[in-house]
2 protein chains.
Amino acid sequence: MELPINKFNKAFENRIRLGVMSILMVNDWVDFGTLKEMLDLTDGNLASHIKALEAEQYIEINKRFINKKPNTSYRATFLGRNAFKEHLNVLENIIKQNE
Amino acid sequence: MELPINKFNKAFENRIRLGVMSILMVNDWVDFGTLKEMLDLTDGNLASHIKALEAEQYIEINKRFINKKPNTSYRATFLGRNAFKEHLNVLENIIKQNE
DNA sequence: AAATTAACTTTGCAATTCAAAGTACTATAA
DNA sequence: TTATAGTACTTTGAATTGCAAAGTTAATTT
């Protein structure tokens, strides 16, 4: 018997990291403030989950200044996109079996 | 902007509970040993997650004897099935936006 | 210099997860 | 009757994860 659950990616088992990735899958370069607002998080919390995704090399970071203010943006890497798609495939199979 | 992530059901954020439910969605009455084998868990670990699902009234329990041996079976309740479907809907929306 | 803003990092605590060990119940064997 | 075994737990303790709040850094504006 198959065990699709064991193909889950630990990096995406948390709702915040899943949220960050799902935003970055459809938006190129999203900045810290936008993510923070969209996900309604404290900045420490968001930063720590971003760090976890960065450690897996699932997202990359770009720091610059906009209107003389620091602005950090993130986007999903190729590796991250593929890993996320894999994870969604597992979920899709679970969904399919319930249709 | 919508926040689908916040509609996740905490009870299903764990891969084991998600696995148990996904098995019970397509199989009526599955016993402890089968679940344990399918999910490859220690019995203490499985028992604790089953307990959590039972506490939410997402599964019901039936104890009996088969061949003079105790046999405990579980199935998803109506409440559990609906909650799980809701959860899958959230995931489905995340998947859809990536197609 | 002082205050401000963005993006962190650190701290510390609470919740979650898990394996291992222990327990309860029933059955069967000695 | 004591012992052994099997199933399904419960308890224990430790590691991991998750989080808010407070502290920090760097550049900016006053």
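Here the structure is a predicted model, which means the values were calculated and not measured. Letters A, B, ... are given to chains in the order of the sequence lines, protein chains preceding strands, and every chain is numbered from 1.
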From CD of A:Glu13 across to P of C:dT17 the rounded distance in Å is 9 Å

Sorted by chain and number, sequence neighbours left out, salt bridge (Lys or Arg N to Asp or Glu O under 4.0 Å) with A:Glu13 holds for B:Arg15

Q) Would you call the rings of B:Phe8 and B:His87 parallel, tilted or perpendicular if under 30° counts as parallel and over 60° as perpendicular? A) tilted

Point to revise | Backbone N/O of B:Ala11 and side chain of B:Arg17: donor-acceptor pair under 3.5 Å | key: yes

Query raised in the report: Given the rule in the side-chain contact (heavy atoms from CB on, under 4.5 Å) test, do B:Asn9 and B:Val90 qualify, once you have shown the distances and angles that lead to the verdict?
Result: CA-CA 9 Å; B:Asn9 189 327; B:Val90 179; over 6 Å; no

Those residues at least two apart in sequence (or on a different chain) that pass salt bridge (Lys or Arg N to Asp or Glu O under 4.0 Å) with A:Glu60 are A:Arg75

Tell me if a side-chain donor or acceptor on B:Gln97 pairs with a main-chain N or O of A:Ser22 at a distance below 3.5 Å.
yes

note: B:Leu35, atom CG; D:dT7, atom C1'; distance rounded to Å ~ 14 Å

Taken to the nearest whole Å, NZ/B:Lys36 to P/C:dA19 is 11 Å

Rounding to the nearest 10°, end axes of the helix from C:dA1-D:dT30 to C:dA30-D:dT1 built from five pairs each make an angle of 20°

Residues of residues 41-53 of chain B with a heavy atom under 4.0 Å from any atom of DNA chain D, listed by number, are B:Asp43, B:Gly44, B:Ala47, B:Lys51

Discussion item. Classify A:Arg17 by what it touches in the nucleic acid, base, sugar-phosphate, or nothing, heavy-atom distance under 4.0 Å.
Written reply: sugar-phosphate

- Are side-chain heavy atoms of A:Leu39 and A:Asn45 found at a separation under 4.5 Å? no

Atom CG of B:Asp40 and atom P of C:dC18 are separated, to the nearest Å, by 12 Å

From CZ of A:Phe32 across to C1' of D:dA27 the rounded distance in Å is 17 Å

Atom CG of B:Asn14 and atom P of C:dA15 are separated, to the nearest Å, by 17 Å

note: B:Glu37, atom CD; D:dT7, atom C1'; distance rounded to Å ~ 15 Å

Walk me through whether B:Met21 and B:Ile59 qualify under side-chain contact (heavy atoms from CB on, under 4.5 Å). CA-CA 8 Å; B:Met21 281 306 292; B:Ile59 62 177; 3.8 Å; yes

Residues of residues 58-76 of chain B with a heavy atom under 4.0 Å from any atom of DNA chain D, listed by number, are B:Lys63, B:Pro70, B:Asn71, B:Thr72, B:Tyr74

Residues pairing under ring-ring contact (aromatic ring centres under 6.0 Å, His included) where one sits in residues 15-36 of chain B, two or more places apart or in two chains, turn out to be none

- Item | B:Leu53 side chain reached by B:Phe84 side chain, heavy atoms, under 4.5 Å | no

*asked:* side chain to side chain donor-acceptor pair (under 3.5 Å), that's the test. Do A:Asp31 and A:Thr34 meet it? Break it down for me.
replied: CA-CA 5 Å; A:Asp31 69 21; A:Thr34 303; 2.6 Å; yes

